[in-house]
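Taking it in order: structure first as structure tokens, then the write-up.
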Amino acid sequence: MTKKSRKIPAIVALLVCLGFVSIRAEATIVVPLTLEQMQTRSNVIARAIVLDSASQWDRSEKHIFTFTRLKILETYKGDNAVGEVIRVRTLGGEVGEVGMAVAGTAKFQPSEEVVIFGRIDRYDSANFQIVGMSQGKFSVKNNPNGDAVVTADFSGLAFASTSEGKVTHIQEKHSSPTRSIRLSDLKSRLTEPQPQPAKAQPEAPPRPKDNDQ
């Protein structure tokens, strides 16, 4: 039997701590995020190994979600201990003969080593969601020199420029289809002290007028 495919609506607005996200038939439009911005939005940042994934319908049977279990190898932010198993929920997947594909969603392979930027799922606090779609999921591999390198795949994403909360430009293809950085450099950036907002100085008490006693 041929596997059927169910597409989501052409334009769907999603407010997922990014300010602006919408989904087109061929690409998901997102606001580009720096590592530091993703760090701020994350409840957990960790290096982990993928154990397995399973997909299921939601209660309305209108959307398919995939749940991926990951075993923590190293934690850079959050209270999740080494060896702990966490679960990530992503939109899309396959149930029986029906498949739902969402461009730009982070995808995981069994036994894949990854670094994830995750935020607590607002619909179910037992799960995490990846920050910034696939921007917040990095694959870990060794380069020819033996250095561990992490790479994020931007396939299926289009990046929006914004000004004063309004979209001013959409770049259909990112100048670089991937973002790569050495794992050691990533860890250094994540452990750098974050700038703290300046504390407001207390206002000086008003001076008494000459006729005040």
Side-chain angles (χ1 to χ4, degrees), residues 1-8 14 16-17 21 23 28 30 33 38-39 41-143 148-157 177-181 183 186-187 190:
M1 183 179 294
T2 303
K3 185 170 294 181
K4 299 178 182 179
S5 176
R6 175 175 295 185
K7 290 185 178 294
I8 57 176
L14 302 175
V16 287
C17 300
V21 173
I23 299 178
T28 301
V30 299
L33 299 174
M38 291 197 298
Q39 180 181 16
R41 289 162 168 75
S42 298
N43 299 108
V44 61
I45 305 173
R47 182 170 63 89
I49 192 80
V50 178
L51 298 179
D52 51 43
S53 298
S55 301
Q56 65 185 53
W57 290 102
D58 63 359
R59 293 181 180 178
S60 67
E61 296 191 354
K62 293 181 179 179
H63 303 95
I64 295 175
F65 289 94
T66 295
F67 297 86
T68 300
R69 297 193 310 143
L70 303 101
K71 184 177 181 179
I72 301 293
L73 302 177
E74 193 173 14
T75 300
Y76 309 133
K77 180 179 180 179
D79 300 325
N80 302 91
V82 173
E84 182 179 348
V85 175
I86 62 174
R87 196 168 71 163
V88 170
R89 181 174 73 99
T90 51
L91 181 61
E94 299 177 0
V95 177
E97 298 298 326
V98 179
M100 179 179 177
V102 180
T105 299
K107 296 176 176 59
F108 298 89
Q109 300 298 324
S111 302
E112 180 184 12
E113 186 176 335
V114 298
V115 171
I116 63 161
F117 290 70
R119 61 184 180 85
I120 295 174
D121 191 329
R122 59 180 175 177
Y123 297 107
D124 184 352
S125 60
N127 301 316
F128 290 95
Q129 290 185 324
I130 299 300
V131 173
M133 304 289 284
S134 58
Q135 295 181 86
K137 180 256 179 175
F138 292 77
S139 297
V140 182
K141 295 182 179 179
N142 289 334
N143 65 16
V149 175
V150 296
T151 302
D153 185 357
F154 296 156
S155 300
L157 293 180
T178 61
R179 169 193 280 166
S180 295
I181 183 174
L183 178 60
L186 174 66
K187 292 167 61 174
L190 295 177

Legend entry - Distance-only donor-acceptor check, side chains Asn43 and Arg119, under 3.5 Å: no
Check whether any side-chain heavy atom of [X] sits under 4.5 Å from a side-chain heavy atom of [Y], and report yes or no.
| X | Y | value |
| --- | --- | --- |
| Thr90 | Lys107 | no |
| Ile116 | Phe128 | no |
| Gln129 | Asn127 | no |
| Leu190 | Gln39 | yes |

Nearest heavy-atom pair of [X] and [Y]: which atoms, and what distance?
| X | Y | result |
| --- | --- | --- |
| Ser53 | Thr66 | CB-CG2, 3.9 Å |
| Ile72 | Ala46 | CD1-CB, 3.6 Å |
| Gly92 | Ser55 | O-OG, 4.4 Å |
| Ala106 | Met133 | CB-O, 4.3 Å |
| Met38 | Phe138 | CE-CE1, 4.1 Å |
| Thr68 | Val50 | CG2-CG1, 3.8 Å |

Inset, instruction - Please name all residues satisfying salt bridge (Lys or Arg N to Asp or Glu O under 4.0 Å) with Asp121, sequence neighbours left out, ordered by chain then number. - result: Arg89
Can you tell me how far the [atom1] atom of [X] sits from the [atom2] atom of [Y], to the nearest 0.5 Å?
| X | Y | atom1 | atom2 | value |
| --- | --- | --- | --- | --- |
| Ser180 | Leu186 | OG | CG | 11.5 Å |
| Thr151 | Arg179 | OG1 | CZ | 11.0 Å |
| Arg69 | Ile86 | CZ | CD1 | 11.5 Å |
| Gln135 | Ile130 | CD | CD1 | 12.0 Å |

Inset, instruction - Output every pair passing salt bridge (charged side-chain N to carboxylate O under 4.0 Å, His left out) with a member in residues 124-143, not counting sequence neighbours, ordered by first then second residue. - result: Glu112-Lys137
Legend entry - Glu84, CD atom: more than 12 neighbouring heavy atoms under 6.0 Å: yes
Inset, instruction - Answer yes or no: is there a donor N or O on one side and an acceptor on the other, between the side chain of Ser134 and the main chain of Asp153, under 3.5 Å? - result: yes
Inset, instruction - Report yes or no: does Thr75 contribute a side-chain atom to a donor-acceptor pair with the main-chain N or O of Asn80 at less than 3.5 Å? - result: yes
Legend entry - side chain to side chain donor-acceptor pair (under 3.5 Å) against Glu74, all qualifying residues, sequence neighbours excluded: Arg47, Tyr76, Lys187
Inset, instruction - List for me each residue that meets side chain to side chain donor-acceptor pair (under 3.5 Å) alongside Ser111, sequence neighbours excluded, and say none if there are none. - result: none
Inset, instruction - Evaluate the side chain to side chain contact (heavy atoms under 4.5 Å, CB included) criterion for residues Met100 and Val102: first the C-alpha distance (whole Å), next the side-chain angles of each, then the deciding distance (0.1 Å), finally the verdict. - result: CA-CA 7 Å; Met100 179 179 177; Val102 180; 4.3 Å; yes
Inset, instruction - Identify, with sequence neighbours excluded, every residue that meets side chain to side chain contact (heavy atoms under 4.5 Å, CB included) alongside Ser42. - result: Ile45, Phe117, Val131
Legend entry - Counterpart residues, side chain to side chain contact (heavy atoms under 4.5 Å, CB included), relative to Asp79 (two or more places apart): none
